[in-house]
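As the structure is a computational prediction, the values presented were derived from the model and not from experiment. Atom set for the values below is all heavy atoms of this structure, side chains included, hydrogens, waters and symmetry mates excluded.
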Amino acid sequence: MSHNRRTAARSARILGVSAASAALALGAAGSALACSLADFSAAALCDGGKGVITVTDKDASGVPAVVTVYLENNGSDLRQVGEQTVIGTKEGAQVQFAEEWKPGAVYRVHVTATRGTKTFVNDDIPLLTAPAKACAAEQTAKPSPSTSRSATGKPSASASASTPAGDDTTATASGSAAAPAPGGNEVSPAAQESNLAETGADSNTPVIAGIAAALVAVGGAAVFFGMRRRGAGNRH
């Protein structure tokens, strides 16, 4: 009987130690997975030339957390930048707040993480100080005026202005076209041709007029000789 009692007591002690070890292990694992303030971090960054404040949540348990950002001024809240909800992941989940922060500006980030009726975090992470250099605005390269061309493919005004002043061909062509006709009162060849066309000098009018004059002359001569013969007959 005494031997059996000792064996039973030894077995009970072994079971008790194992249960306690398991409870401690489970407690440690639960503590490791619990949401804590250390899971949160913040940074003032630049995104496309604009300032943003990024808050990262590396809570592997995925407890929803409300993140609120305030701009500080001498230890007091000057204004609220924004508020968002984030659900953490082991790799880290992020939320961003658009904020044109100034160099050296100070921000307070408050985190409230709850699940059901249990609150895991309700505190501020360490104050965030913006970098000493502001975000640089992005600049778009503009084409050079000397190489730009219009939509019709013609050189721009700057390209025309760059034409050498000593271009005799251009100067001669433009000068001859713009020069007035010498002599002021002289009629240009084009005007003479127009006048001739209007008067009919280049048509058949002279030929017709010559034939008519010849017929008139022949008729007059016939009348003259007829009258002369008639006068001679009367004398006989």
Side-chain angles (χ1 to χ4, degrees), residues 43-54 69 71 78-84 94-105 130-236:
L45 305 173
C46 296
D47 183 11
K50 296 183 178 181
V52 294
I53 294 178
T54 302
V69 180
L71 174 63
L78 182 62
R79 63 178 173 84
Q80 179 178 321
V81 175
E83 183 176 275
Q84 296 188 50
Q94 291 184 339
V95 289
Q96 285 189 341
F97 300 85
E99 172 68 3
E100 293 296 335
W101 47 261
K102 295 181 179 180
K133 185 178 180 181
C135 297
E138 293 184 341
Q139 296 181 352
T140 304
K142 296 182 179 180
S144 174
S146 61
T147 58
S148 63
R149 288 179 173 271
S150 64
T152 58
K154 297 181 180 180
S156 63
S158 59
S160 301
S162 62
T163 304
D167 192 341
D168 294 335
T169 304
T170 304
T172 303
S174 60
S176 60
N185 296 329
E186 295 183 3
V187 181
S188 63
Q192 293 177 355
E193 292 178 2
S194 176
N195 293 334
L196 290 176
E198 292 177 358
T199 57
D202 57 344
S203 64
N204 295 327
T205 302
V207 177
I208 297 174
I211 295 174
L215 291 176
V216 171
V218 172
V223 171
F224 174 77
F225 286 112
M227 292 178 65
R228 187 175 181 182
R229 291 179 63 185
R230 183 180 297 177
N234 291 334
R235 287 194 297 266
H236 290 296

Nearest-0.5 Å distance that lies between atom [atom1] in [X] and atom [atom2] in [Y]:
{"X": "D47", "Y": "T54", "atom1": "CG", "atom2": "OG1", "answer": "8.0 Å"}
{"X": "L71", "Y": "W101", "atom1": "CG", "atom2": "CH2", "answer": "13.0 Å"}
{"X": "Q94", "Y": "L45", "atom1": "CD", "atom2": "CG", "answer": "8.0 Å"}
{"X": "K102", "Y": "C135", "atom1": "NZ", "atom2": "SG", "answer": "14.0 Å"}

Where do P103 and A132 come nearest, in terms of heavy atoms and distance? CB-O, 3.2 Å
Could you tell me whether the side chain of Q84 and the main chain of Q96 form a donor-acceptor pair under 3.5 Å? yes
